[in-house]
**Student:** 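Provided herewith is a single structure, encoded as structure tokens, for subsequent inquiry.
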Number of protein chains: 2
Amino acid sequence: MRAFKLTLAYDGSDYAGWQVQPAQVTVQSVLEEALLRITGQMVRVAGSGRTDSGVHALGQVVSFQSPTALSTETLRNALNAELPRDVSALQIDETPIGFHARLDAVSKRYRYVLHDGPTPDVFRRRYCWPVRQRLDCDAMRRAAQAFIGMHDFRSFASRWPDDVDSVRTISEITLQRGATPDTVDLIHFEVDGSGFLYNMVRSMVGTLVEVGRGAKPEIWPAEVLAATNRRRAGMTAPPQGLFLVSVCYPTGATAMNQQ
Amino acid sequence: MRAFKLTLAYDGSDYAGWQVQPAQVTVQSVLEEALLRITGQMVRVAGSGRTDSGVHALGQVVSFQSPTALSTETLRNALNAELPRDVSALQIDETPIGFHARLDAVSKRYRYVLHDGPTPDVFRRRYCWPVRQRLDCDAMRRAAQAFIGMHDFRSFASRWPDDVDSVRTISEITLQRGATPDTVDLIHFEVDGSGFLYNMVRSMVGTLVEVGRGAKPEIWPAEVLAATNRRRAGMTAPPQGLFLVSVCYPTGATAMNQQ
């Protein structure tokens, strides 16, 4: 048996999210079907985490085991031939047998893309949240600093108290408006953290947008956080603006030469 | 009666091109239907030129006349409310009555996007031609200089001799590889000219790609041009990489204060 780490990009527009569900097309299901056709065996894969319906990935990480004799490069090319055109295998590495994409993850990075231009962008409509009103990106950036550090984020979790523990650590947040004529109506929100509660990034963005619109003061997100009460936060931003950018692992978890 | 110049962006993926055709959804047909709903009257629009099925526009220009009393800004917002999400009204200006988007155009700019990275880009799959082999962008740029100036372009026209005159003037060509990690696998080909024959940009690109692959020498596009024979050129590049960027008019044609 061999173990693999697969890095995957997907356009989530036409999927019912990551996780296998009965009678739904999910990214996990099309990946497992492709692996079955390639290896001739049913392969169960583990993603670093679920992404919701309509959410995209630039670098989802997936672990799986297979007795295949194929090289990692051949396996990647075979996957790209078998996968639908909206899912792409970026890289495959062989790992120690114990590697698990979810259990071994130490941090994740998400991006949320906002569009605040006066007219809809037809080419980005699947990949951003069009907010028709100009946003104050600097005010949003200042307000977002409240999220950095270790906090109880239950105000930003849709399913609390399903999760036993709602304390997470955010190490970095950036908010940047595009600098070129082509990107000046786009704001990229990026957040790096030890883990995220259900809908946490999208409700953080929905809350910051209230500040960007001028509907709430800059101090408001800090107050929402301190309240530990979901009803205090802003709306949950729609899924199509959200991208799982990357997942980090300790070097030993994935490197074959550490075995 | 009032006359208008409308600048339109569209994602051509789901349309049978620009021009109204029986039993087909075209960009012109959805635009005329939206104008009918807004003004209550059938409005016939004229585009600066047809775009083929699957071809996109960043700045298609359209002229039409209507007795509507709506301001140009109200009209634009009404159009963006009525048009499908893959068509966007960027700007509307009132013009002298005689303005015609096709007859008055003095030049057009097209962009063709090539992707030559090792793995498919799921987010750009509708908006580029994935050429799986690395292309020599510098060699393509040098070879493309042969197209600049006034030439008989019948080697690059799919329907010659349907067109009476196949002489066109190309004023500028640029070929640029992206400079950021996100765009380094993209080559943007841009061409500015007095007019273009049917499939001319796409067959120029198909020809230059042969040079980029190393399959043909840099001098070959010049030889193809001189041959004035379509069978000498490379393949017609697929439609989804092509964008109509902008259309230029003499100031007097569109400016109300020139009347």
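Worth knowing before you read on, the calculation uses all heavy atoms, side chains too, and leaves out hydrogens, waters and symmetry mates. In the text below, chain A, chain B and the rest are named by the order of the sequence lines, each starting its count at 1.
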**Student:** Under 6.0 Å from the CD atom of B/Glu172, do we count more than 12 heavy atoms belonging to anything else shown?
**Tutor:**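 Yes, because the 6.0 Å sphere around CD of B/Glu172 holds more than 12 heavy atoms from other groups.
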**Student:** Check whether more than 12 heavy atoms from other residues, nucleotides or ligands sit under 6.0 Å from atom CD of B/Gln21, and answer yes or no.
**Tutor:** yes
**Student:** Would you mind checking which part of A/Asn80 comes under 4.5 Å of any heavy atom in chain B, side chain (CB onward), backbone (N, CA, C, O), both or neither?
**Tutor:**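 Answer is side chain: those atoms of A/Asn80 sit under 4.5 Å from chain B.
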**Student:** For the aromatic rings, using the six-membered ring if either is Trp, is the centroid distance between A/Phe123 and B/Phe243 under 6.0 Å?
**Tutor:**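 A/Phe123 vs B/Phe243: aromatic centres under 6.0 Å.
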**Student:** Which heavy atom of B/Ser88 sits nearest to which heavy atom of A/Pro120, and what is that distance?
**Tutor:**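 The pair with the smallest heavy-atom distance is OG-O, 3.0 Å.
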**Student:** What do the steps show when you test A/Arg125 against B/Asp11 for side chain to side chain contact (heavy atoms under 4.5 Å, CB included), and what is the final call?
**Tutor:** CA-CA 10 Å; A/Arg125 69 191 191 284; B/Asp11 177 342; 3.0 Å; yes
**Student:** Backbone N or O of B/Val122 within a donor-acceptor pair of the A/Arg85 side chain at under 3.5 Å?
**Tutor:** no
**Student:** Would you mind checking which part of A/Pro84 comes under 4.5 Å of any heavy atom in chain B, side chain (CB onward), backbone (N, CA, C, O), both or neither?
**Tutor:** neither
**Student:** Check whether any side-chain heavy atom of A/Thr119 sits under 4.5 Å from a side-chain heavy atom of B/Arg76, and report yes or no.
**Tutor:**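 Sidechains of B/Arg76 and A/Thr119: in contact.
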**Student:** Please list, in residue-number order, every residue in residues 173-193 of chain A that has a heavy atom less than 4.5 Å from any heavy atom of chain B; write 'none' if there are none.
**Tutor:** none
**Student:** Which distance, rounded to the nearest 0.5 Å, do you find between the CG of A/Asn77 and the CZ of B/Arg132?
**Tutor:** 8.5 Å
